[in-house]
Amino acid sequence: MSFRPTWAEVSLGALRQNFRAIRKHIGEGPQICAVVKADAYGHGIVECARVLEAESAGWFGVTSTDEGILLREAGIRGRILLMTGFWHGDQEDVIRYHLTPAMWEPWQIELLEEAARQAGASKFPVHIKVDTGMTRLGVSTTDLPALCERLANSRELTVEGIFSHLASAEVLDAEDATQQIAEFERVLENLGNLKISPNLIHMANSAAIVARPGTWKNMVRPGLALYGYCTPIRGGRGREGGTAGLELKPVLSWKTRVLSLRDVCEGRAVGYNATYITHGPARLAVLPVGYADGLDRQLSSRGRVLIRGQYAPIVGIVSMDLTIVDVSGIAGVEVGDEVTILGKSEGANINAWEYARLCATIPYEVLCRISKRVPRRYVE
Ligand SMILES: *Cc1c(COP(=O)(O)O)cnc(C)c1O
């Protein structure tokens, strides 16, 4: 038990609201595969999956067998998609815990068939991952017929789904996205010749859910949108930055408290390497949060936090465990005051986009880099 007052507040109410907003946006047709990989983007995989399952998410998208097992052991009964397949040695657990792997290579079929035979399983469902142009994972459209042939003749396995992933879902006029979608459509038109008849066809991540209804098919895979963010849609003439009416609310707030306060005179060097010198007399607050908690060092003398509804700039270099902010302009700051690193405070707000831009990254990375040392507290 740690009393170090640095924590992340995860609003299960906001998560629920975002799920409902997505459901409303796509209508009752497509199923929702809630992407909870990477510990639900840092929000806590088990707690989030429980809430989403109660909201009737039928599927969960995870990265590894471990994450799938964690969900099963927590009592999640929905379907679990291993979006990056499984590792050599995981195949028995895939069967035992009834996880549904993405497949794209013959060796995966051999291993899983063998494990299914040993477990006495037949027609164990798998999803084929097709590389339509992102060049990451998936079977090429050239190798797809042979893979399908192999699976069509399998007694142990059956193709329940086929899917692909877009590289530029949020860029409406991106040539690569147009080509990927066309390539996937060609695959779908040709399913009859491939001798497989998958029930589930899926392609859309959050940005495609917002802006590309044609990719929804009969299942969508939202990740970031569930947690209350979306990549701004670009290249759509008149739809810049829009979310097509999808209203999302950030789920995570990151907080700490003032550990120490001091008044210093003009010309004081602050923090490692004396990179910041006070311009005048200043009141500085030391916060018990640093890069070991996931507070990016690029925020040194660039980021800001909220105290009593007002912005306090980070001064000097972010240390491993500590960060210094200038609270000169904020009246009445005391040791123990709550500090908002991400989130709202009395109407003022710092969101993961602001933070991400300062660090040349994206909200995904900001959220999932908040380290294990920061306890997650669940609130409505
Ligand atoms: C992470 C991931 C998603 C979710 O993407 P978001 O942009 O967070 O909605 C969907 N599909 C696959 C294959 C992924 O890896």
Side-chain angles (χ1 to χ4, degrees), residues 15 18-19 21-23 25-26 30-43 45 48-49 52 57-65 67-68 71 79-86 99-104 126-139 161-172 174 176-177 180-181 183-184 198 200-213 215-234 243-244 246 248-252 352-353 356 361-369:
L15 181 64
N18 294 335
F19 182 88
I22 292 167
R23 170 51 80 206
H25 181 72
I26 62 170
Q31 297 207 45
I32 297 178
C33 176
V35 176
V36 292
K37 66 190 179 192
D39 202 25
Y41 294 38
H43 294 63
I45 188 169
C48 291
L52 295 166
W59 284 80
F60 297 94
V62 302
T63 298
S64 61
T65 308
E67 287 178 333
L71 289 182
R79 302 290 305 278
I80 298 175
L81 181 65
L82 301 175
M83 297 192 300
T84 51
F86 62 91
L99 309 176
T100 308
M103 293 242 175
W104 63 91
V126 303
H127 288 212
I128 295 177
K129 187 164 199 166
V130 186
D131 176 14
T132 51
M134 182 162 172
T135 321
R136 197 173 63 175
L137 293 180
V139 58
I162 188 161
F163 73 107
S164 194
H165 190 53
L166 290 166
S168 307
E170 74 280 14
V171 189
L172 289 179
D176 61 292
Q180 280 197 273
I181 291 167
E183 187 84 345
F184 196 49
L200 290 171
I201 293 164
H202 46 111
M203 186 178 221
N205 70 338
S206 297
I209 288 169
V210 168
R212 297 179 181 271
T215 63
W216 296 349
K217 306 303 174 192
N218 58 10
M219 185 154 90
V220 297
R221 305 187 307 262
L224 193 66
L226 287 172
Y227 310 106
Y229 290 92
C230 191
T231 309
I233 306 302
R234 315 199 299 268
T243 56
L246 182 65
L248 303 170
K249 203 172 156 188
V251 171
L252 184 142
W353 273 111
T361 185
I362 49 179
Y364 298 75
E365 191 185 7
V366 169
L367 294 170
C368 67
R369 274 183 61 194

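Worth knowing before you read on, the calculation uses all heavy atoms, side chains too, and leaves out hydrogens, waters and symmetry mates. Ligands are counted one by one from 1 in listed order, and the atoms in each one are counted from 1 as well.
- Here P250 pairs with Y229 under the side-chain contact (heavy atoms from CB on, under 4.5 Å) rule; sequence neighbours left out.
- None of V36, L71, T65 except one satisfies the side chain to side chain contact (heavy atoms under 4.5 Å, CB included) rule with I80; the exception is L71.
- Between the side chain of D131 and the backbone N or O of M134, at least one donor-acceptor pair lies under 3.5 Å.
- Remark: H202 engages H127, R221 in a side-chain hydrogen bond (donor to acceptor under 3.5 Å, both in side chains) (not counting sequence neighbours).
- Put simply, the side chain of N205 never gets that close to the backbone of P222: no donor and acceptor are under 3.5 Å apart.
- For the side-chain hydrogen bond (donor to acceptor under 3.5 Å, both in side chains) test, no residue two or more places apart in sequence or in another chain qualifies with S64.
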For ligand 1, what N or O to protein N or O distances fall under 3.5 Å?
from     : atom 1 : to   : atom 2 : distance (Å)
ligand 1 : 7 (O)  : N205 : ND2    : 3.1
ligand 1 : 7 (O)  : Y364 : OH     : 2.6
ligand 1 : 8 (O)  : Y41  : OH     : 2.5
ligand 1 : 8 (O)  : L224 : N      : 2.8
ligand 1 : 9 (O)  : S206 : N      : 2.8
ligand 1 : 9 (O)  : S206 : OG     : 2.5
ligand 1 : 9 (O)  : G223 : N      : 2.8
ligand 1 : 11 (N) : R221 : NE     : 2.8
ligand 1 : 11 (N) : R221 : NH2    : 3.3
ligand 1 : 15 (O) : K37  : NZ     : 2.7

